[in-house]
2 protein chains.
Amino acid sequence: MNAYTQLKKHNIKPSIQRIEIMNYLLTHRTHPSVDEVYTSLSKNMPTLSKTTVYNTLRLLSEQGAALMLTIDETRLCFDGDTSPHTHFFCKKCGRIFDLPLTESLAKQIGKIDEGHMITDVHYYYRGICKDCLTD
Amino acid sequence: MNAYTQLKKHNIKPSIQRIEIMNYLLTHRTHPSVDEVYTSLSKNMPTLSKTTVYNTLRLLSEQGAALMLTIDETRLCFDGDTSPHTHFFCKKCGRIFDLPLTESLAKQIGKIDEGHMITDVHYYYRGICKDCLTD
DNA sequence: GTGCTTGCAAATCGTTTGCAATAGC
DNA sequence: GCTATTGCAAACGATTTGCAAGCAC
């Protein structure tokens with residue numbers, strides 16, 4: 001799915017900036033922060049404003065075109081992959097890894113609500129990643 | 001379990017401030033923010049510093065005596081209940097609710113690691129709570 | 001030309017840091 | 001007395017806000 005289609009699908013009016021930001025999320029599965037998106041895109045879009053990146057990423061997550069991750073206590077990260085999966089945060093290097101969602105875990109989604117309306121599900125794991133363990 | 005015992009159990013040297021903060025968490029299951037703990041305790045401890053509340057809550061979560069919740073993007077919240085359960089965040093009123101951890105969900109914990117060392121598990125749900133839905 | 005989007009600068013506010021004062025063995 | 005803890009003020013930094021300029025239909 002390309003960026004333009006993804007925006008249309010979520011009722012977001014496509015602008016150059018929005019397409020570029022959505023495209024960045026779709027092609028970089030690194031769970032980037034606002035700053036990473038901004039720094040990377042501003043190389044080819046010198047007039048891009050960080051405010052626009054903030055606004056757009058928030059809009060994308062509100063409209064369900066991206067996930068806003070709060071697993072890193074120091075900054076918001078974003079994920080263009082909205083399919084169900086879990087996230088692992090390394091407390092040492094700060095990277096976020098994707099982990100698969102087991103079938104039985106997937107089945108739980110939406111089962112526990114107690115009358116609340118659940119719109120977002122996040123499964124977060126923290127610890128030390130494989131790479132940092134061997135250092 | 002009282003606050004003093006909880007601190008000793010996690011190798012935290014008990015001071016007046018630490019006992020009061022730990023006790024607050026154990027007696028208020030509202031997932032308070034730093035500010036809520038500070039504001040409430042400072043009524044009876046006028047010299048209490050917010051820095052101490054920050055330091056202590058961080059220490060408690062590092063030592064496993066409390067959970068640091070990052071479910072609310074705008075502030076850190078803390079939970080003195082370290083037993084396995086899930087959290088629901090209401091996007092409208094900002095409150096955090098406890099939800100039970102189903103047995104099959106509990107069984108997943110520690111199963112998906114892919115070589116990483118997992119130390120923390122958080123299951124977060126977001127949406128609109130029962131009370132806000134009826135408003 | 002009307003309404004939405006962008007971008008700059010300034011403000012905001014939760015959190016951390018530096019460091020001197022204090023308390024506890 | 002030595003070490004750890006506390007508390008104040010200042011710094012920090014991520015995010016938001018206000019508002020004017022720009023763009024699109």
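In what follows, every heavy atom counts, from backbone to side chain, and hydrogens, waters and symmetry copies are set aside. Protein chains get the first letters and strands the later ones, always in sequence-line order, with residue 1 at the start of each.
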Enquirer: Any carboxylate oxygen within less than 4.0 angstrom of a Lys/Arg side-chain nitrogen, looking at Asp131(B) and Arg95(B)?
Expert: yes
Enquirer: Please tabulate, one pair per line, each protein N/O and nucleotide N/O from nucleotides 2-5 of chain C that are separated by under 3.5 Å, including the distance.
Expert:
residue : atom : partner  : partner atom : Å
dT5(C)  : OP1  : Arg18(A) : NH1          : 2.9
dT5(C)  : OP1  : Arg18(A) : NH2          : 3.3

Enquirer: Side chains of Tyr125(A) and Tyr123(B) only: does a donor on one sit below 3.5 Å from an acceptor on the other?
Expert: yes
Enquirer: Go through the side-chain N and O atoms of Asn2(A) and Thr5(A) and say whether any donor and acceptor fall under 3.5 Å apart.
Expert: yes
Enquirer: By salt bridge (charged side-chain N to carboxylate O under 4.0 Å, His left out), which residues pair with Lys8(B), not counting sequence neighbours?
Expert: none
Enquirer: Any donor-acceptor pair under 3.5 Å linking the side chain of Ser15(B) with the backbone of Arg18(B)?
Expert: yes
Enquirer: For Asn23(A), is there any backbone N or O sitting under 3.5 Å from a side-chain donor or acceptor partner on Thr27(A)?
Expert: yes
Enquirer: Measure the distance from CD1 on Ile19(A) to P on dA24(D) and round it to the nearest whole Å.
Expert: 11 Å
Enquirer: Find the distance between OG1 (Thr82(B)) and CG (Leu60(B)) and round it off to the nearest 0.5 Å.
Expert: 11.0 Å
Enquirer: Run the salt-bridge test on Glu73(B) and Arg75(A) with the 4.0 Å N-O cut-off and return the result as yes or no.
Expert: no
Enquirer: Distance only, no hydrogens: is a donor on one side chain within 3.5 Å (strictly under) of an acceptor on the other, for Thr119(B) and Lys91(A)?
Expert: yes
Enquirer: Classify every nucleotide of nucleotides 14-19 of chain C by which part a protein heavy atom approaches to under 4.0 Å, writing B for the base, S for the sugar-phosphate alone and - for neither, in 5'-to-3' order.
Expert: SBBB--
Enquirer: Distance check needed: dC23(D) P versus Met45(A) CE, whole Å only.
Expert: 12 Å
Enquirer: Using rotation axes that map the C1' atoms of four end pairs onto the next four (five pairs an end), what angle separates the end axes of the helix from dG1(C)-dC25(D) to dC25(C)-dG1(D), to 10°?
Expert: 30°
Enquirer: Does the plane of the ring in His116(A) sit parallel, tilted or perpendicular to the ring in Phe97(B)? Use 30° and 60° as the thresholds.
Expert: tilted
Enquirer: What's touching nucleotides 22-25 of chain C from the protein side, N or O pairs under 3.5 Å?
Expert:
none

Enquirer: Can you sort out which residues in residues 36-44 of chain B have a heavy atom within less than 4.0 Å of DNA chain D? Ascending by number, please.
Expert: none
Enquirer: If we count only N and O atoms by modelled type, under 3.5 Å, do the side chains of His85(A) and Asp79(A) hold a donor and an acceptor together?
Expert: yes
Enquirer: Thr70(B) and Arg126(A): side-chain donor and acceptor closer than 3.5 Å?
Expert: yes
Enquirer: Under the 3.5 angstrom rule, does the side chain of His10(B) hit a backbone N or O of Gly64(B) as a donor-acceptor pair?
Expert: yes
Enquirer: Short question: side chain of His122(B), backbone of Tyr124(A) - any donor-acceptor pair under 3.5 Å?
Expert: no
Enquirer: Any donor-acceptor pair under 3.5 Å linking the side-chain atoms of Glu36(A) with those of Ser33(A)?
Expert: yes
